[in-house]
Protein chains: 2
Amino acid sequence: MPNIAHQRLDCTVGCPVEGVLEIIGGKWKGVILYHLLDETLRFNEIRRRLPGITQRMLTNQLRELEASGIVFRQVYAEVPPKVEYSLTSKGKTLAPVIRAMELWGRENLLPQAEAATSR
Amino acid sequence: MPNIAHQRLDCTVGCPVEGVLEIIGGKWKGVILYHLLDETLRFNEIRRRLPGITQRMLTNQLRELEASGIVFRQVYAEVPPKVEYSLTSKGKTLAPVIRAMELWGRENLLPQAEAATSR
DNA sequence: CAGAATCCTTGAAGATACTG
DNA sequence: CAGTATCTTCAAGGATTCTG
């Protein structure tokens, strides 16, 4: 084994998962990412897709995602203002994670889904 | 005790993701699940794998996971007490989600990892 | 060993109002 | 349209002690 062998991480093998949750956790980030997966959206477009979120929260979450290098914020110098949000290339690599969550959610969280098949 | 878990499905397509995050979100649940993926563990075994978690938190999180039908809690009538935690079949279906997160975490959260590959 | 019972702190999240 | 700026609340999470 090469000499990069064991770096002293303060926690051991569990951390990758924990770290991801710090990025896509929170109450809204996962859903925001989900909506940005295959679309570039403007601020209010995202907002409309998240019933219940406040402007403040949306701004917060988007800024944190931007700081994590996950989301790209494109500001157009127009009046009225226009800001578009999209995934960075790094953000796009999260697709498998989001998709896996989406799939599991559909199969396990929506009783109607399964009930519908048996109806 | 009634499980009032996911009745908040008043939002539309984003919810699958949101619902999953309610289950594996929180500060510790994802990591707990990660450790239970391929092992049945006793209370203190899990605790040792999560540096920094308190007994209270661990108990809490495990109970919530149990209430979500994700974790099975096996109590042995012994002295001293012995309680084993494992994934239910439903819990095991979360594996792809956890694995996707683990993979992404390894590739994006540990700079050493990428540095190692480019060397 | 695996918790239950308390008490306490913090900050995540919400409500509301204002603005370039 | 896309934000700030405050104020406030509530519950997630933590620290500590006790116990079958």
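Letters A, B, ... mirror the listed sequences (proteins, then strands); counts begin at 1. On a predicted model such as this, the values are computed, not experimentally measured, just so you know.
- Closest to the Gln55(B) side chain, of the nucleotides dT16(D), dA17(C), dG14(C), is dT16(D).
- Closest approach to the Lys27(B) side chain among dG14(D), dA13(C), dA2(C) is made by dG14(D) (side chain taken as heavy atoms from C-beta onward).
- Distances shorter than 4.0 Å separate some side-chain N or O of Tyr85(A) from OP1 or OP2 on dG3(D).
- With a 4.5 Å cut-off on side-chain heavy atoms, Leu62(A) and Arg73(A) do not count as touching.
- When heavy atoms are screened at a 4.0 angstrom cut-off, Gln61(B) is found touching the sugar-phosphate backbone but no base atom.
- One atom, CZ of Arg56(B), and another, P of dA15(D), lie 11 Å apart when rounded to the nearest Å.
- Candidate nucleotides dA2(D), dG3(D), dG3(C) were compared by shortest atom distance to the side chain of Val83(B), and dG3(C) ranks first.
- Rounded to whole angstrom, the span from the CE atom of Met57(B) across to the P atom of dC8(C) amounts to 17 Å.
- Here Arg73(B) reaches the OP1 or OP2 of dG3(C): one of its side-chain N or O atoms lies under 4.0 Å away.
- Residue contacts shown for Pro81(B) include a base, since a base heavy atom lies under 4.0 Å away.
- Heavy-atom distances to DNA chain D give each of Gly52(B) and Phe43(A) a nearest nucleotide, and the one nearer the 5′ end belongs to Phe43(A).
- Note: CG (Leu62(A)) to P (dC1(D)) measures 16 Å, nearest angstrom.
- Residue contacts for Arg47(A): at a heavy-atom cut-off of 4.0 Å it reaches no nucleic acid atom on any strand shown.
- Among the nucleotides dC1(D), dG14(D), dA2(C), the one closest to the side chain of Trp28(B) is dG14(D).
- In this structure, the CD atom of Glu18(B) is 13 Å from the C1' atom of dA13(C), given to the nearest Å.
- Residues Asn108(A) and Val20(B) fail the side-chain proximity criterion, which asks for heavy atoms closer than 4.5 Å.
- Atom-to-atom, CG of Asn60(B) to P of dA2(C) comes out at 17 Å; the value is rounded to the nearest Å.
- Heavy atoms of Tyr76(A) sit nowhere under 4.0 angstrom from any nucleic acid atom.
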